[in-house]
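To keep things clear, I will list the structure first and then write my remarks on it.
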2 protein chains.
Amino acid sequence: MDIREIAKRAKVSTATVSRTINRVPTVDPKLAKRVWRVVDELGYFPNTQARALVSGRSRILGLVVSEITNPFFPEIVQVFENIAVQNNYEILLTSTGHDPVRMEIAVRRMIEHRVEGVALMTFGMEESLLENLKRRKIPMVIVDVGPPRPLVSNIRVDYQHGIRQAVQHLAALRHHRIAFISGPLRLPSARARLDAFKNAMHELDLPAHDELWVEGTHTIEGGVEAAGRLLSLPSRPTAIMCSNDMTALGVMRKSHELGIHIPHDLSLIGFDNIHISEFVLPPLTTIEMSQAELATLAFNALLAELQRKTPNPNGTEYALETHLILRESTARPKQEADNAKKKKAAR
Amino acid sequence: MDIREIAKRAKVSTATVSRTINRVPTVDPKLAKRVWRVVDELGYFPNTQARALVSGRSRILGLVVSEITNPFFPEIVQVFENIAVQNNYEILLTSTGHDPVRMEIAVRRMIEHRVEGVALMTFGMEESLLENLKRRKIPMVIVDVGPPRPLVSNIRVDYQHGIRQAVQHLAALRHHRIAFISGPLRLPSARARLDAFKNAMHELDLPAHDELWVEGTHTIEGGVEAAGRLLSLPSRPTAIMCSNDMTALGVMRKSHELGIHIPHDLSLIGFDNIHISEFVLPPLTTIEMSQAELATLAFNALLAELQRKTPNPNGTEYALETHLILRESTARPKQEADNAKKKKAAR
DNA sequence: TTGAAAGCGCTAACAC
DNA sequence: GTGTTAGCGCTTTCAA
C-alpha cells in the first residue's frame with residue numbers, strides 16, 4: 001500500500017496525494033477530501049524512510065545522555081521526546097555510561113541515520129565525539145563549561161549560584177567543617193561544581209581542608225563509599241555537600257548505618273533536585289538544576305539552528321540557573337546547638 | 001558522498017561496494033581492501049534510510065513503556081537498547097503515561113517508521129493499540145495476564161509466586177492485619193497483583209478486610225495518599241504490601257510524617273525491586289521482577305519472531321518468575337513482639 | 001566474481 | 001491547481 005495505490009483509488013496523481021498529505025494549501029478541497037477518504041479507508045501511513053531519502057531530511061535528532069539509570073536523565077528524555085514528537089521529530093537515544101566505545105558506536109548510529117542535530121547531555125568528556133559530527137556540519141547543543149566552540153551551541157549552567165547559596169546557608173547555620181563529595185573529576189561538569197564549592201568557601205573565609213573533599217562517582221554506591229571515608233575522619237565534617245543527589249542518597253544510607261543522624265549530627269545537601277529527593281527521609285535539601293528546562297533549552301537550541309538559512313558559525317550560548325531548595329536535611333551542628341542552648345540558659 | 005562516489009574512487013561498481021560493506025563473502029579480497037580504504041578515507045557511512053527503503057527492513061523496533069520517569073523502566077530501556085544495538089537494531093521509544101492519545105500517536109509513529117516489531121512494556125490496557133499493528137502483521141511481545149492472543153507473544157509474569165512468599169513471610173511474623181495498596185485497577189497487571197495478594201491471604205486463612213486495600217497510582221504521591229488513609233484507620237494494619245516500590249516509598253514517607261516507625265510499628269513490602277529500594281531507609285523488603293530479564297526476554301521474543309520464515313499464528317508464551325527479597329522493612333508487629341517478650345520473661 | 005540496471009516510496013521541479 | 005517525471009542512496013536480480 002503506497003502513494004500510488006492511494007492516487008489510483010482517489011483518481012488523482014501521486015503528486016496530489018503527496019501535497020494533500022503534506023497539507024499544501026493549494027490543493028482543491030474536493031480532491032483533498034477524496035484523498036483523505038481513501039487514506040483513511042486503507043489506513044495508509046507515509047513511509048518515513050522514503051520521505052527522508054528524497055527530502056534529505058531525516059527528522060531525527062540524536063539525544064545522548066550519560067546514564068539513563070540515574071533518575072536525573074529520564075526526566076530529560078521525557079521532556080525532550082515530548083517536544084520532539086510535537087515537532088514531528090523522532091529521537092535516537094543513547095546512554096553512554098561515559099564509555100568511549102559506546103560513544104563511538106552512538107556517533108556511527110547517528111550519522112548512519114542522518115540525524116539533523118544532536119543534543120549532548122553527558123556533562124563533559126566527549127571532545128573526540130564532536131569532531132566527526134562537526135565535520136558533517138550537524139548542529140549540536142552541549143552542556144558545557146569550557147570556552148565557546150565554533151559550530152556548537154552551549155548551555156552554560158551557572159553552578160556557582162546555587163552552590164554559593166548552599167554554602168552560605170550552611171555557614172549561616174554555623175558549620176565550619178564542610179565536606180564535598182565530587183563527581184568523577186574527568187567530567188568537566190563535576191570539576192566545575194567542585195570549583196564552585198571551593199570558591200564559595202573561600203568567599204566566606206571558610207577553610208577548605210583537602211581531607212574534606214573526596215571524589216565520588218555520581219552513584220549511590222559512590223556516595224556510600226565516600227561517606228564511609230569522610231565520616232571515619234578523626235575530626236568529622238558537620239556538613240557534606242554532594243555533586244549530585246544520588247551521591248547524597250548514598251551518604252544518607254551510610255550515615256544511618258553508622259548511627260549518625262541527619263540533620264541532627266550531620267547536615268547534607270545534594271545537587272540536581274531529582275524527583276525522589278523530596279520524598280526520602282529526611283527530605284533532601286538540594287540545589288535545583290531543572291531537568292525540564294534543560295531539555296527544553298536543548299531542543300529549542302537545535303530547532304533554532306535547524307531553521308536558520310545560513311548556519312551560525314559560532315553556535316549560540318544559553319544559560320541555566322541553579323538554586324538552593326531548602327528541605328529538612330540541614331540543621332545547626334550539634335556543638336553549636338548546644339552552645340546556643342547554654343547561652344539561652346545563662347541569660 | 002554516496003556509494004557511487006566510493007565505487008568511482010575504488011574503481012569498482014556500486015554493487016561491489018554494497019557487497020563489501022555488507023560483508024558478502026564472495027567479494028575478491030583485493031577489491032574489498034580497495035573499497036574499505038576509500039570508505040575509511042572518506043569517512044563514509046551508509047544511509048540507513050536508503051537501505052531500509054530498498055530492503056524493506058527498517059531495522060527499528062518499537063519499545064513502549066508506561067512511565068520512563070518511574071525507575072523501573074529506565075533499567076528496561078537500558079538493557080533492551082543495548083541488546084538491540086548489538087543486533088543492529090534501533091529503537092523507537094515511547095513513554096505513554098497510559099494516555100490513550102499518546103498511545104495512538106506512538107502507534108502512528110511506529111507504523112510510519114515501519115518498525116519490524118513492538119515490545120509493549122506497559123503492563124496492560126492497550127488493546128486498541130494492538131489492532132492496527134496486528135493488521136499489519138507486525139510481531140509483538142506484551143507483558144500480559146490475559147489468555148494467549150493470536151499473533152502476539154506473551155511474557156507471563158508469575159505474580160503469585162513472589163506475592164505468596166511475601167504474605168507467608170508476614171504471616172510467619174504473626175501479622176494479621178495486612179493491607180494492600182494496589183496500582184490503578186484499570187491496569188490488568190495491577191489487578192493481577194491484587195488478586196494474587198487476596199489468594200495468598202486466603203490460602204493462609206488470613207482475613208482480607210475490604211477496608212484494608214486501597215487503590216494507588218504506582219507513584220510515590222499515590223503511596224503517600226494511600227498510606228494516609230490506611231494509617232488513620234481506627235484499627236491500623238500492622239503491615240502494608242504495595243503493588244510497586246514507588247508506592248512503598250510513599251508509604252515510608254507518610255509513616256515518618258506520622259511518627260510511625262518502620263519496621264517497628266509497621267512492616268512494609270514493595271514490588272519490582274528497583275535499584276534504589278536497596279538504599280532507602282530502612283532498606284526495603286520487596287518482590288523482585290527482574291528488569292533485565294524482562295527486557296532480554298522481550299527482545300529475544302521479537303528477534304525469534306523476526307527470524308521465522310513462516311510467522312507463528314499463535315505467538316509464543318514466555319514466563320518470568322518473581323520472588324521475595326528480604327531486607328529490613330519487616331519485623332514482628334509490636335503487640336506480638338511484646339507478647340513474645342512477656343512469654344520469655346514468664347519462663 | 002563482478003557489473004548494469006531496475007526499483008524501493010516518496011517529493012519537487014517543471015510543464016501544462 | 002494538477003500531473004508527469006526524475007531521482008534521493010541503496011540492494012538485488014540478472015547476465016556476463
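In what follows, chains carry the letters A, B, and so on, assigned in the order in which the sequence lines appear, proteins first and then strands, with residues in each chain numbered from 1.
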B:Lys11 or B:Val54, whichever maps to the more 5' nucleotide of DNA chain C: B:Lys11
Backbone of B:Thr316 reached by a side-chain donor or acceptor of B:Ser153 within 3.5 Å: yes
Sugar-phosphate only, base, or nothing, as touched by B:Ser18 at under 4.0 Å among non-hydrogen atoms: base
Check: B:Glu116/B:Tyr89 side-chain N/O donor and acceptor closer than 3.5 Å: yes
Contacting residues from residues 19-29 of chain B, given that a heavy atom lies under 4.0 angstrom of DNA chain C: B:Arg19, B:Thr26, B:Val27, B:Asp28
Sub-4.0 Å heavy-atom contacts from residues 33-53 of chain B onto DNA chain C, ordered by number: B:Leu53
Inter-residue atom distance B:Arg135.CZ - B:Leu130.CG, 0.5 Å rounding: 11.5 Å
Sugar-phosphate, base or nothing in reach of B:Val17, heavy atoms under 4.0 Å: nothing
Rounded interatomic separation in angstrom, taking CZ from A:Arg59 and C1' from C:dC10: 15 Å
First of B:Ser13 and A:Ile3 reached from the 5' end of DNA chain C, by closest nucleotide: B:Ser13
Side-chain donor or acceptor of B:Ser58 paired with backbone N/O of B:Arg114 under 3.5 Å: yes
Audit row: A:His218, A:Leu187, side chain to side chain contact (heavy atoms under 4.5 Å, CB included) steps and yes/no: CA-CA 11 Å; A:His218 277 172; A:Leu187 294 190; 4.3 Å; yes
Distance, nearest 0.5 Å, that separates CG of A:Leu93 from CD1 of B:Ile91: 7.0 Å
For atom NZ of A:Lys8 and atom P of C:dG9, their distance in whole Å: 13 Å
Flag if over 12 foreign heavy atoms under 6.0 Å of CZ, B:Arg37: no
Nearest non-hydrogen partners of A:His98 and A:Arg186, listed with the distance: CB-NH1, 4.1 Å
Side chains of B:Gln291 and B:Gln78, donor plus acceptor under 3.5 Å: no
Value in whole Å for how far the C1' atom of C:dG9 lies from CD of A:Glu5: 13 Å
Where chain A begins and ends its contact with DNA chain D, read 5' to 3' at 4.0 Å from heavy atoms: D:dG1 to D:dG9
Donor-acceptor pair between A:Asn82 and B:Arg102 side chains, under 3.5 angstrom: yes
Candidate pair B:Arg51 and B:Asn47, rule side chain to side chain donor-acceptor pair (under 3.5 Å), full reasoning: CA-CA 6 Å; B:Arg51 278 182 155 183; B:Asn47 180 321; over 6 Å; no
